[in-house]
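One structure below.
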Amino acid sequence: MSATTSYAVLTKARAKYGKFLTARDYDGILACQSVPEVMVYLKSHTHFAAALEELTERDAHRGRLEALLRQYQFREFDSLCRYDSSVSAGLSRYVVAKSEVEQIVRFMVLLNAKSPEEFIFQFPAFLSKHTEIDFNKMANARSYDELIAVLDHTPYDDILRQFSPDDKGRIPVSDIENRLYAYIVRFVLDYINKRTGGSERRELTRIFTSINDYSTISRIIRLKRYYHMSPEDIKTNIASEQSGLGASTIDRMCRAETAEEVVRIVQGTRYGKLLQKDDSEYNRDIGPRGQYQMSKKYLHLSDNPSVVMISFMFLSEAELTDVICMIEGIRYQVDPKIIRSMLLR
């Protein structure tokens, strides 16, 4: 990539980030009394205006609003990936694969709930242009075997074939989800190792191994606190192959007696500063919080376009997560103070 193109990527990504919601915008959204009011605020005062241009207050229900915002987010990142970067294709594939896995997992949850027909009403239609998976065909599947048939010849079918529903017909969604995300992390790290070098490789590898570690920490804390799983069962529910924590640390975390002991172990690692000793709800969400803080750092400090691009994408995800959280809270008339406590920013 030429120096001019590199500078353009860095400048464009940081300029886009400069248009993200401000603290004042968060206050303005939380002051809204309904979903249509949120839509009007986003359309009138924020960078989401272009995404909502054709949406009226009458059409502003939560599902439609979320779909348009997600489509906008995807297009924003895709516009950066069009620059001639040595790894932009791999990063773009990572984003698409993550979206594919999210939809596969959501469909399995609906199968377990015996409501697969609801999938078509929530599926982000824009994704169809970027994937080889026939999600319309998936929407018509009514069993785990039919889902696997839809995913035939994709990177995911071999993973799903390793599992089967239990005696009650329930799919082990958590186990499958863990395997699917492990595959994605392995794919992107392999891509980085093959296509990059120097500081770019170090920074990208640090980002993706850290994200995997955040997820591992969060999952172990959750499994200890709410499910009281054995160490062996916990190990089958985490993706430890691409971890920067170290095998011995992960083993200690899995063998800890309580979630609080897990927190104490993590506080002895480079991730310790993210944990709060007496805040179990905060620690449970270390994954998205850690990803948010790390992405802010790299967006501002890295000189590598690919690093800045992926950091922008993660920050965009975090912002959208907050917006959707506020929309949901307002829809169900949750106290704004409670909503605010759940936000990443």
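Starting from 1, each residue takes its place in the sequence as its number.
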Do you see a donor-acceptor pair shorter than 3.5 Å between the side chains of Thr154 and Glu132? no
So Thr196 and Tyr191, do their side chains get closer than 4.5 Å, heavy atoms only? no
Quick check on the 6.0 Å ring-centre criterion: do Phe20 and Phe312 meet it? yes
Under 6.0 Å between the ring centres of Phe208 and Tyr94? yes
Under 4.0 Å between a Lys/Arg side-chain N and an Asp/Glu carboxylate O for [X] and [Y]?
| X | Y | result |
| --- | --- | --- |
| Glu66 | Arg70 | yes |
| Arg179 | Asp175 | no |
| Arg93 | Glu100 | yes |
| Arg340 | Asp27 | yes |
| Arg161 | Asp152 | yes |

Sequence neighbours left out, what passes side chain to side chain donor-acceptor pair (under 3.5 Å) with Thr249? Give chain and number order. none
N/O donor to acceptor pairs below 3.5 angstrom from side-chain atoms of residues 116-125, sequence neighbours left out:
unit_1	atom_1	unit_2	atom_2	d
Gln122	OE1	Arg106	NH1	2.7

In terms of relative ring orientation, are Phe74 and His130 parallel, tilted or perpendicular, with 30° and 60° separating the classes? tilted
Test item: Asn304 side-chain N/O and Glu203 main-chain N/O as donor-acceptor pair under 3.5 Å: no
